[in-house]
Structures are given as C-alpha cells and as structure tokens.
Amino acid sequence: MLNDRQAARVGRGLANYHRVQTLRLLAKKPDISVGQLARQLKLSQPSVTDHLKKLIDAGLLTSQRQATRSLIQLTERGKAALEFLNTLA
C-alpha cells in the first residue's frame, strides 16, 4: 500500500493527458522508442523526455540504458494505475 506521499506522487504523474497517453502507448507497445512516442503524441522529443522523467519519478515507469537507447517500461505500479484508470467510467 502506498503512503500518502507516494500516492500524491503517483497523482502528479497521472495529472497530465500526455502522460496518461504515454502509459497507454507503452502498455500496448512496450518496445516503442522516445522518437516514436513523440510522433504518436505529436510532441517534441524534449517534451516527451520531460513527461517520461515525471512518470519515472512517480514510480510508474523505469528506464534502463541499452547501448544507444533507453528502454522504458511500465512498473507494476504503472500497470496498476492503468488498471485503476480503466475502471473509471
């Protein structure tokens, strides 16, 4: 169970339309690159990178460096947050 501080951090991570879209895109296509995310979201790469950082800070994503690119993945918390959002009508 999240403490209040962690819950607030998750809330801030989800408090942006593009960040929610990012989570949904990563759930559908886990191997998507930052450049592909930028094209899908119609945002600049620096903007996408900023959103990714906020999602990582919220504990919803992880990032691992692999050669010349970063592998971005949903965490269990990120998957649970998406499941929660999908229950809202």
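Worth saying up front: this structure is predicted, and the values here are computed from it rather than measured. Just so you know, these numbers use all the heavy atoms, side chains as well, and skip hydrogens, waters and symmetry mates.
Applying the salt bridge (charged side-chain N to carboxylate O under 4.0 Å, His left out) rule to K29 yields no partners; only residues at least two apart in sequence or on another chain are considered. R65 meets the side chain to side chain donor-acceptor pair (under 3.5 Å) test with S70; sequence neighbours excluded.
Using modelled atom types, one side-chain atom of N86 and one backbone atom of L82 make a donor-acceptor pair closer than 3.5 Å. Under a 3.5 Å cut-off, the side chain of R12 and the backbone N or O of K54 do not form any donor-acceptor pair.
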For this session: Using the side chain to side chain contact (heavy atoms under 4.5 Å, CB included) rule, take R24 and V20 through it: C-alpha gap first, then chi angles, then the decisive distance, then the call.
Result: CA-CA 6 Å; R24 289 192 169 136; V20 173; 3.8 Å; yes
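The minimum heavy-atom distance linking A58 with R9 is given by the pair CB-O, 3.4 Å. Closest approach of A81 and L60 over heavy atoms only: CB-CD2, 4.0 Å. Of all heavy-atom pairs spanning I56 and S63, the tightest one is CD1-CB, 3.6 Å.
F84 and L14 fall within a single hydrophobic cluster, where Ile, Leu, Val, Met, Phe, Trp and Tyr side chains are chained together by heavy-atom contacts under 4.5 Å. There is no path of hydrophobic side-chain contacts, each under 4.5 Å, that joins L88 to Y17. No path of Ile, Leu, Val, Met, Phe, Trp and Tyr side chains, each step under 4.5 Å between heavy atoms, connects L23 with L71, placing them in separate hydrophobic clusters.
To the nearest 0.5 angstrom, L37 atom CG is 11.0 Å from H51 atom NE2. Separation of atoms NZ (K28) and CG (L26) is listed at 11.5 Å; rounding is to 0.5 Å. If you take CG on L55 and NE2 on H18, they are separated by 12.5 Å, rounding to the nearest 0.5 Å. A distance of 8.0 Å separates CD of Q73 from NZ of K79, quoted to the nearest 0.5 Å. Taken from OG1 in T22 to CG in L41, the straight-line distance is 4.5 Å, to the nearest 0.5 Å. To the nearest 0.5 Å, atoms CG (L25) and CD (Q21) are separated by 6.5 Å.
Looking at I72 and T62, their side chains never come closer than 4.5 Å, going by heavy atoms from C-beta outward. At least one side-chain heavy atom of V34 sits under 4.5 Å from a side-chain heavy atom of T49.
Around the CG atom of D4, the shell of radius 6.0 Å holds no more than 12 heavy atoms that belong to other residues, nucleotides or ligands.
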